[in-house]
Structures are given as structure tokens and as C-alpha cells.
Number of protein chains: 2
Amino acid sequence: MLSKSQVKYIKSLSIKKFRTKHNQFICEGSKIVKELLEIQSFQIDILCATEKWLLDNNHLLNSYSGQLVQLKTQDLKKISNLKTPGEVLAIVGIPEFSFKKEISKKLCLYCDNIQDPGNMGTILRIADWFGLPYVFASPQSVDFYNPKTIQASMGAFLRVNHISCELSKLTELFPEMTIYGTRMQGKNVFKHDLQKNGIILIGNEGRGISENNAQLVGEWISIPSGGGAESLNAAVAAGIICACFKNL
Amino acid sequence: MLSKSQVKYIKSLSIKKFRTKHNQFICEGSKIVKELLEIQSFQIDILCATEKWLLDNNHLLNSYSGQLVQLKTQDLKKISNLKTPGEVLAIVGIPEFSFKKEISKKLCLYCDNIQDPGNMGTILRIADWFGLPYVFASPQSVDFYNPKTIQASMGAFLRVNHISCELSKLTELFPEMTIYGTRMQGKNVFKHDLQKNGIILIGNEGRGISENNAQLVGEWISIPSGGGAESLNAAVAAGIICACFKNL
């Protein structure tokens with residue numbers, strides 16, 4: 001059983017302010033929690049699960065040293081952010097990432113003020129699919145640990161390093177990396193001679209790339225349009241550009 | 001003012017059963033309603049708007065012959081599906097589309113049991129961006145007029161023909177069209193000799209392409225992965241494949 005104050009505390013972690021304050025976030029669903037237990041690179045502080053889940057997954061708990069709370073399904077519902085709550089929920093410590101030298105040799109994504117948590121999760125999933133090891137996001141972007149981001153990422157946040165920082169910090173640390181921006185007048189991404197490393201900017205859903213960051217762009221690219229839409233969804237655009245960088 | 005029964009009726013249109021029964025759907029937001037009034041190819045039955053919106057857009061109402069209801073912002077809130085209701089909402093008749101001969105010469109999308117209305121809207125937006133004039137969807141898919149689909153399509157449903165039908169109906173009508181399916185073992189879409197026409201299948205978010213429809217596939221293609229994710233989001237995959245068909 002969880003006390004009322006514990007329920008309140010866990011529920012508070014669905015709000016960014018409290019995630020930042022306590023440096024913790026929520027992970028839900030059997031698949032993702034099992035992966036968390038297996039990879040052991042994230043610190044799980046509390047694991048809430050049904051008796052059945054704990055019995056079925058006992059083998060994964062040998063090296064787990066955090067708090068374990070056995071709950072009934074209806075009690076899990078009280079702390080869940082999902083429409084259909086699963087059998088397990090974990091309270092996980094927010095990891096710290098550092099700016100390793102290898103970044104300069106990689107193809108990376110930078111989210112410039114992405115606001116939709118579903119888009120952010122989908123962008124992490126795209127990076128995971130194409131083997132991009134780093135996703136950066138401006139401090140104004142939706143945070144990586146929003147419950148909807150975690151859900152949409154389908155576990156990608158476990159494999160893709162994700163760091164919140166200004167783009168100018170990256171250009172200071174890695175001046176040799178080309179910053180790629182997308183705009184209508186950019187060079188067709190299918191005809192461009194793309195590099196194996198660099199930083200691809202993903203602009204905000206409504207306003208695109210911010211003025212400050214546009215000044216740091218070294219190469220402008222575009223996805224050719226043949227129809228009437230004014231723009232593509234931010235995550236779809238990110239997917240097409242990553243696919244071109246990795247396959248052209 | 002709207003009567004209680006009118007409010008109830010309009011709110012009922014956010015549910016598929018009632019949209020089908022009354023053959024009407026809801027369109028919200030100034031940009032999209034202005035476009036509806038301009039193109040005149042959809043029948044608007046009721047237009048609910050604030051006094052200010054009606055004054056500002058009076059020039060668009062000359063040829064409008066449906067019902068006009070002036071509402072206060074707080075009354076619009078009562079019938080809105082948006083978190084931040086706009087100044088105008090239209091009740092629109094569901095249009096009928098026919099299977100024109102030209103379809104066989106076009107590149108089309110077919111949604112095989114797409115369940116997420118946001119994905120469906122994004123797929124329409126992708127078709128619109130790349131100039132694909134037809135999007136088909138299996139009868140089991142989320143319908144095109146779900147309020148979240150309409151929002152996510154960003155007006156694309158106005159320009160892209162969208163028809164609910166079985167895939168087998170399309171193969172009967174247009175046996176000369178190649179059906180493209182996506183699976184891991186398919187040929188790299190970046191290396192494939194793609195045609196200018198055909199039907200690209202977009203599989204369900206969790207289960208992919210259904211068994212029945214897989215039997216109709218003529219060419220299997222794939223988006224090469226270099227990372228750990230098991231799959232891409234359905235709309236992102238659709239975007240990458242359309243980009244390849246249009247630009248390779």
C-alpha cells in the first residue's frame with residue numbers, strides 16, 4: 001500500500017516543476033520497466049507493481065536494491081498517467097549526461113523549442129531507429145521526462161543520450177560541426193552532399209527555427225514539396241532528414 | 001444563442017457514431033474555417049462564431065447560405081473540442097468521394113487499421129505536402145473526421161481526397177497498381193527502383209500490416225535501421241517512404 005502522501009508525491013512527478021525539484025521521473029508499462037531493470041544504467045528508486053508482475057519477473061529483481069511496493073491494480077490506477085494502466089510503474093532518477101568528445105564525430109539532432117511531448121518522444125524514437133546517439137534540446141523545449149514523451153519514445157530514451165542545452169554551447173564546444181537547418185529555400189536534401197557528422201536542427205512546431213539559432217546554421221536544406229501543405233509535422237521532417245543523412 | 005439540445009447535438013459530433021448517423025463533422029479554428037468558406041467545395045451547415053470574427057470575415061460570407069449563429073466566447077467553449085477554443089466553429093457535411101479512373105496513375109497511401117487520430121491527420125498532411133491526391137483507409141481505421149484528425153491534418157483534408165474502403169476493392173478496380181508494403185526484410189527503399197504510381201500501405205501502429213492485406217502486396221520495401229528501435233512511428237515511416245517515392 002502507498003500512503004496518501006506517497007500517492008500525491010508520485011502524481012506530482014507528472015509535472016515538470018516537481019520532476020526538476022526531485023530529479024525523478026515516472027516510467028510505466030511492463031516492457032519499458034523490464035528493459036530498465038535489465039540495462040541497469042538508470043537508477044530506479046521505487047518500483048510499484050502487482051503481485052503477478054513481481055512473481056513473473058522475479059528473475060529481474062536480483063540486483064535491484066530500491067524500494068519495492070506491491071500494489072493492487074486499482075491502486076496502480078491512482079498513480080498512473082495512462083488511460084489503460086499497466087501492472088508496473090517505476091520512479092526513476094533523472095540521469096546526467098556529459099559532453100563527450102565523440103559527439104563531434106556523430107550525427108546529432110537538436111530540438112529548437114519543440115513543445116509537443118509526443119513529437120519529442122517520436123524524435124527520440126527516430127534517433128534510436130537511425131542510430132543517432134545524441135538528441136539535444138533547447139531549455140525552452142518540452143522536457144525529455146514528460147510522461148507523454150516517455151510513452152511516445154517507446155524506450156528510445158534508454159538508448160539515446162539526451163541533453164538540454166543552448167545550441168550556442170554546442171557550437172562553442174564543437175566548432176567543427178556543421179549545423180543543418182531546414183527552410184523552403186534550402187538545398188534539396190535529396191541532392192545535397194551530406195556529411196556523416198553534424199547537428200540537424202528541428203524547429204518549433206509553429207514558428208520553425210528561432211532567430212538566434214538560425215544565425216548558427218552553416219547549411220540550409222529543404223524537403224521538396226509537391227503539394228499544398230505549408231509544412232510537415234516536426235517529427236516527420238526530422239525522420240525524412242535523418243533517413244537522407246543515413247542512406248544517401 | 002444555442003439551445004441546450006443544439007449544444008448536445010454539436011457535442012455529439014465528436015463521437016464517430018453520431019458523425020456517421022448525421023453525416024456531419026466539426027471544423028474548428030479561424031484559419032481552417034476561412035479556407036472552407038473560400039474553397040466552397042464542402043457544405044457548411046452551421047457556422048458558429050463570435051461577433052468580432054463575423055465582422056472581420058464578413059467578405060467571406062457573401063455566398064454562404066447555411067445557418068449562422070453568433071456566440072460569445074464562453075458559449076463557443078461549451079461546444080469546442082480544443083483546449084483553447086477559437087472564435088469560430090463550423091458543422092460541415094461529410095463529402096462523398098468516388099473512385100475516379102485517374103487514381104490508377106497516382107501515388108496513393110492506404111492506411112491499414114491506423115488507430116491514432118493524430119497519426120491519421122499527420123498522414124493526410126504528408127500526402128498534402130508531397131502532392132499525393134488520395135489517401136485511403138481500411139474501415140477499421142480511425143475515421144477521417146475525428147476532431148483530433150482534423151486538427152492534426154492542418155487543413156490537408158480539404159485538399160487530399162480521402163476514402164474509407166477495403167484494400168481488395170482498390171486491387172479489383174485498379175489491378176495494374178502495385179501495392180507497396182513495408183517490412184524489415186523488404187528492399188531498401190533508398191535503393192529500390194520506385195514507380196510514379198502505386199499504393200503505399202501504412203500498417204497499424206502496433207501490429208503493422210494485416211495478414212489479409214499482406215497477401216495483396218506486390219513489392220516489399222524497408223527503411224534501413226542503424227539503431228536499437230524496433231519500429232518507427234507509422235506517420236514518420238509514411239513520410240520517409242513518400243519522400244523517397246517523390247525524390248529518388
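Throughout, protein chains are lettered first and strands after them, A, B, ... in sequence-line order, and every chain is numbered starting at 1.
- Neither the backbone nor the side chain of A:A156 comes within contact range of chain B, judged by heavy atoms closer than 4.5 Å.
- Other residues, nucleotides and ligands place more than 12 heavy atoms under 6.0 Å from the NZ atom of A:K16.
- Around atom CD of A:E96, no more than 12 heavy atoms belonging to other residues, nucleotides or ligands sit under 6.0 Å away.
- For chain A, the option among B:L232, B:N233, B:V160 with the highest count of heavy-atom pairs below 4.5 Å is B:L232.
- The distance from atom OG1 of A:T122 to atom CG of B:N119, rounded to the nearest 0.5 Å, is 8.0 Å.
- Applying the 6.0 Å contact sphere to CE of A:M154 captures no more than 12 heavy atoms from other residues, nucleotides or ligands.
- Considering only heavy-atom pairs separated by less than 4.5 Å from chain B, the leading option among A:A235, A:G228, A:A243 is A:G228.
- We find that A:E230 and B:K31 are joined by a salt bridge, their nearest charged nitrogen and carboxylate oxygen being less than 4.0 Å apart.
- When all heavy atoms of A:N247 and B:P224 are compared, the pair lying nearest together is OD1-CG, 3.2 Å.
- Within the 4.5 angstrom heavy-atom criterion, atoms from both the backbone and the side chain of A:R125 approach chain B.
- Taking SG of A:C244 as the reference point, atom CG of B:L248 lies at 7.5 Å (rounded to 0.5 Å).
- Looking at A:S225, both its backbone and its side chain come within 4.5 Å of chain B, counting heavy atoms on both sides.
- The choice from A:A237, A:G239, A:A229, A:G131 that makes the most heavy-atom pairs within less than 4.5 Å of chain B is A:A229.
- Surrounding NZ of A:K187 are more than 12 heavy atoms belonging to other residues, nucleotides or ligands, all under 6.0 Å away.
- At most 12 non-hydrogen atoms from other residues, nucleotides or ligands lie less than 6.0 angstrom from NZ of B:K100.
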Let me see the working for A:I240 and B:F130 under side chain to side chain contact (heavy atoms under 4.5 Å, CB included), right down to the final yes or no.
-> CA-CA 12 Å; A:I240 294 169; B:F130 288 111; 3.8 Å; yes
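- The structure places NZ of A:K246 at 15.0 Å from CD1 of B:I223, a figure rounded to the nearest 0.5 Å.
- Between chain A and the residues B:V236, B:I241, B:L132, the largest count of heavy-atom pairs under 4.5 Å involves B:V236.
- Using a 4.5 Å cut-off between heavy atoms, B:S231 contacts chain A through both its backbone and its side chain.
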